[in-house]
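Throughout, a chain's letter reflects where its sequence line sits, starting with A, and its residues are numbered from 1. Keep in mind that the numbers below use all heavy atoms, side chains included, and drop hydrogens, waters and symmetry copies. These numbers come from a predicted model, not from an experiment.
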Number of protein chains: 2
Amino acid sequence: MASDGHLFLQGTLEVLILKTLSWGPMHGYGIANWLGERTDGELDIEEGSLYPALHRMERRGWIEAEWQITDKNRRAKYYQLTRDGRKRLRDDAKAWSRFASAVAEVLDESKAPSWAT
Amino acid sequence: MASDGHLFLQGTLEVLILKTLSWGPMHGYGIANWLGERTDGELDIEEGSLYPALHRMERRGWIEAEWQITDKNRRAKYYQLTRDGRKRLRDDAKAWSRFASAVAEVLDESKAPSWAT
DNA sequence: AACCTTTACATAGACTGTCAAGGGAAGTGG
DNA sequence: CCACTTCCCTTGACAGTCTATGTAAAGGTT
């Protein structure tokens, strides 16, 4: 899980989804699993966060959906990036990168009062 | 500013404040400025986010306040970390670090489909 | 049948950030 | 002395995203 009571995910979930979909169409359940595995369980996306996120991203035209049958023979809504979605992914990934650098700049352990270590 | 409509800050603001205060007591205005300068303007904390954050952190016992006079001869509420605040800082900094690594693992550019670059 | 897995959705609620507005006190330039 | 700017704090309305929790249904397995 993403740890205790932290809302770090806030604002980041969408980029993560976009990136996941950049590898090809996938359904919600698959996206969550992929993210979880990829990050060794550190990123545990709740269904209640995931599906609403997918819905609003579709509404905004970043992804499109299509019902299909999975290899496990179940109905699933496959999402894929649109042109806008790809652009969005590029922009957001850069924005995240800048933001993360800034935070790292502040939190950098090497620049800590001794007691804080 | 932290860029367009991103809520990346969500959940991160408190660690940033804690870390800033780890250098010594400081007032709100000073905290915001310090963060802004330290990150070349990338982190622009709104007063409407900052002060409420300080208030709730005080309510939770992570920081304590004391009115004093600044070197510019103005009244200001100086905040400093409590024992709980220091612990919180350590824990949250670690949590952030893990989270950021996980996100980086996913967004890593070197692992991108060619069109996404 | 009973049960687990896969897949999707919805509602309620809490939390936290933005926006916008306001106020007061100390300098500074005229 | 007045106007203006800088410093510093506060709060309320509002919006957005996440969590918690529960529902649903179909396929596979035993």
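The heavy-atom pair separating B:A102 from A:L43 by the smallest distance is CB-CD1, 3.9 Å. Here the closest non-hydrogen pair linking A:A76 and A:T70 is CB-CG2, 3.4 Å.
Taking the nucleotide of DNA chain D with the nearest heavy atom to each of A:N73 and A:A53, the more 5' of the two is matched to A:A53. In terms of position along DNA chain D, the nucleotide closest to B:R74 lies nearer the 5' end than the nucleotide closest to the other residue of the pair B:R74 and B:Y78.
At a threshold of 4.0 angstrom between heavy atoms, the contacts of B:G28 are confined to the sugar-phosphate backbone, with no base atom among them. Contact annotation for A:P52: no contact, since no heavy-atom pair falls under 4.0 Å across all strands. Among the atoms of the strands shown, only primed sugar atoms or phosphate atoms (P, OP1, OP2) are found under 4.0 Å from some heavy atom of A:R75. Nucleic acid contact class of B:R59 (heavy atoms, under 4.0 Å, all strands): none.
Atom-to-atom, NE2 of A:H55 to C1' of D:dC18 comes out at 15 Å; the value is rounded to the nearest Å. Counting to the nearest Å, the P atom of C:dA25 and the NZ atom of B:K77 are 16 Å from each other. Whole-Å rounding puts the B:L54 CG to D:dT10 P distance at 9 Å. Atom CD1 of A:I17 and atom C1' of D:dT17 are 12 Å apart (whole Å). For A:D71 and C:dT5, the CG to C1' distance is 13 Å, given to the nearest whole Å. One atom, OH of B:Y79, and another, C1' of D:dT10, lie 10 Å apart when rounded to the nearest Å. Remark: P of D:dC7 and CD1 of B:I31 are 16 Å apart, rounded to the nearest angstrom. Protein atom CZ of A:F99 is 12 Å distant from nucleotide atom C1' of C:dG17, rounded to whole Å.
When the nucleotides C:dT6, C:dG17, D:dC8 are ranked by their closest atom to the side chain of A:Y29, C:dT6 comes out on top.
Checking the phosphate oxygens (OP1, OP2) of D:dC8, a side-chain nitrogen or oxygen of B:T70 falls inside 4.0 Å. Within the 4.0 Å cut-off from OP1 or OP2 of D:dT19, at least one side-chain nitrogen or oxygen of A:S49 is found. The side chain of A:Y51 contributes no N or O atom lying less than 4.0 Å from OP1 or OP2 of C:dC9. Between B:K72 and C:dA25, a side-chain N or O to OP1/OP2 separation shorter than 4.0 Å is absent. In terms of phosphate contacts, B:R60 brings no side-chain nitrogen or oxygen within less than 4.0 Å of OP1 or OP2 of C:dC15.
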Check against side-chain contact (heavy atoms from CB on, under 4.5 Å), B:R38 and A:E105: CA-CA 8 Å; B:R38 175 71 167 232; A:E105 180 64 30; 3.9 Å; yes
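Checked against the 6.0 Å centroid criterion, the rings of A:Y78 and A:W67 do not qualify as a close aromatic pair.
The only member of B:R56, B:R88, B:K19 that meets side-chain contact (heavy atoms from CB on, under 4.5 Å) when paired with B:E14 is B:R56.
Between the side chain of B:E47 and the base of D:dC8 there is no donor-acceptor pair of N/O atoms closer than 3.5 Å.
Shown here is A:D40, whose CG atom has no more than 12 heavy atoms of other residues, nucleotides or ligands within 6.0 Å.
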